[in-house]
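Working notes, beginning with the structure itself.
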Amino acid sequence: MIAYLPESSPPFLGFEISGKITLDQEQDLIDYVNDQLRHHDKLSFLLVLNPDASWGVEAGLEDLKWLLSHLKRIHKVAIVSDSTALKWLVTLDRPFARLVGIQEEHFAIDEQEKAWNWLLAPA
């Protein structure tokens with residue numbers, strides 16, 4: 001399930017992801033984000049990934065295709081999770097993200113407010 005976080009205020013979008021994301025759910029998210037891109041040059045994202053969050057192969061491929069074709073339209077990404085693996089993946093990905101102009105940080109679940117503050121802070 002993908003839930004829109006009430007703290008969101010475009011161009012700052014927050015989502016909580018839990019369970020296995022289907023292709024339909026991924027497409028709904030992509031459609032929503034594409035609609036926001038009609039109104040904003042760049043978007044920033046806060047993604048709360050619950051421990052049971054996962055993607056089916058089709059949904060994951062759609063997500064990756066969208067991401068690769070919209071890299072220049074992403075400003076910041078805050079990943080909020082208690083996963084050590086995700087923390088390391090963000091750390092490893094950070095240099096690549098910076099090359100394409102994206103700021104990326106990982107925050108623990110209990111640091112969600114800190115993640116919002118980072119996302120909203122001027123670059």
Side-chain angles (χ1 to χ4, degrees):
M1 180 175 86
I2 301 172
Y4 183 76
L5 296 176
E7 300 91 345
S8 298
S9 178
F12 304 99
L13 304 175
F15 302 95
E16 182 172 359
I17 300 169
S18 60
K20 187 173 182 179
I21 304 306
T22 66
L23 180 58
D24 288 339
Q25 291 168 326
E26 182 67 29
Q27 192 58 56
D28 288 345
L29 176 62
I30 288 171
D31 291 345
Y32 175 78
V33 171
N34 284 338
D35 184 56
Q36 292 305 312
L37 284 170
R38 287 191 253 297
H39 307 287
H40 304 281
D41 290 334
K42 288 193 169 204
L43 298 175
S44 293
F45 298 94
L46 185 141
L47 303 172
V48 178
L49 300 174
N50 289 328
D52 66 341
S54 67
W55 284 257
V57 173
E58 289 178 320
L61 287 174
E62 282 303 308
D63 186 64
L64 184 59
K65 284 191 322 190
W66 184 91
L67 176 64
L68 291 174
S69 65
H70 291 84
L71 288 172
K72 293 190 183 287
R73 308 280 313 265
I74 300 171
H75 182 230
K76 289 183 176 182
V77 178
I79 304 292
V80 180
S81 80
D82 280 336
S83 167
T84 302
L86 279 172
K87 180 178 181 177
W88 279 105
L89 283 172
V90 170
T91 300
L92 292 172
D93 184 56
R94 194 174 293 128
F96 169 74
R98 284 189 182 138
L99 282 175
V100 296
I102 299 171
Q103 295 178 49
E104 189 175 42
E105 291 291 335
H106 180 273
F107 299 88
I109 289 289
D110 63 353
E111 296 179 313
Q112 191 167 335
E113 184 176 343
K114 182 179 177 182
W116 275 115
N117 290 336
W118 174 81
L119 198 74
L120 296 169

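Basis for what follows: all heavy atoms, side chains included, without hydrogens, waters or symmetry-related copies.
Under the 3.5 Å distance criterion, the side-chain polar atoms of Asp52 are left unmatched by any main-chain donor or acceptor of Ser18.
Atom CG in Leu49 sits 6.0 Å away from atom CG in Leu86 (nearest 0.5 Å). Atom NZ of Lys87 is separated from atom CG of Leu92 by 12.5 Å, given to the nearest 0.5 angstrom. A distance of 9.5 Å separates CG of Asn34 from CG of Leu29, quoted to the nearest 0.5 Å. Here the CD1-CG distance, from Ile79 to Leu47, works out to 4.5 Å after rounding to the nearest 0.5 Å. Interatomic distance, Ser8 OG to Leu13 CG, rounded to the nearest 0.5 Å: 5.5 Å. To the nearest 0.5 Å, the span separating NZ on Lys76 from CG on Leu119 amounts to 6.0 Å.
Heavy-atom minimum distance, His40 versus Arg73: O-NH2, 2.8 Å. For the pair Asn50 and Glu16, the tightest heavy-atom approach, listed with the atom from each and the gap, is ND2-OE2, 2.9 Å. A pairwise comparison of heavy atoms in Glu62 and Ile30 identifies O-CD1, 3.8 Å as the closest pair. Heavy-atom minimum distance, Ala97 versus Glu104: CB-OE1, 3.7 Å. Ala59 and Glu26 make their closest contact through O-CG, 3.5 Å (heavy atoms, listed as atom of the first residue, atom of the second, distance). Summarising the geometry of Val77 relative to Ile74, their closest heavy-atom pair is CG2-CG2, 3.7 Å, with the distance given to 0.1 Å.
Ile109 has its side chain within reach of Val80: a pair of non-hydrogen atoms, C-beta onward, lies under 4.5 Å apart. Residues Val48 and Phe15 fail the side-chain proximity criterion, which asks for heavy atoms closer than 4.5 Å. Looking only at side-chain heavy atoms (C-beta outward), Gln112 and Leu5 come within less than 4.5 Å of each other. Contact check for Gln36 versus Pro11: no side-chain heavy atoms found under the 4.5 Å cut-off. Side chains of Val33 and Trp66 form a contact here, defined as non-hydrogen atoms less than 4.5 Å apart. Residues Trp118 and Gln103 form a side-chain contact, since some pair of their non-hydrogen atoms from C-beta on lies under 4.5 Å apart. Between Leu37 and His70 the shortest side-chain heavy-atom distance falls below 4.5 Å.
Under a cut-off of 6.0 angstrom, the local environment of NZ in Lys20 is sparse, with at most 12 non-hydrogen atoms contributed by other residues, nucleotides or ligands. Other residues, nucleotides and ligands place no more than 12 heavy atoms under 6.0 Å from the CG atom of Asp41. More than 12 non-hydrogen atoms from other residues, nucleotides or ligands lie less than 6.0 angstrom from CD of Glu7.
Residues Thr91 and His106 bring no donor and acceptor atom of their side chains to less than 3.5 Å of each other.
Taking the six-membered ring for Trp and the full ring otherwise, Tyr4 and Tyr32 have centroids separated by under 6.0 Å.
Tracing side-chain contacts under 4.5 Å through hydrophobic residues (I, L, V, M, F, W, Y), one never reaches Trp88 starting from Ile102; they form parts of separate clusters. There is a path of hydrophobic side-chain contacts, each under 4.5 Å, that joins Leu67 to Val100.
Using a cutoff of 4.0 Å between basic side-chain nitrogens and carboxylate oxygens, Arg94 and Glu105 are scored as salt-bridged.
Each of Phe12, Trp116, Phe107 was compared with Leu46 under the side-chain contact (heavy atoms from CB on, under 4.5 Å) criterion, and only Trp116 meets it.
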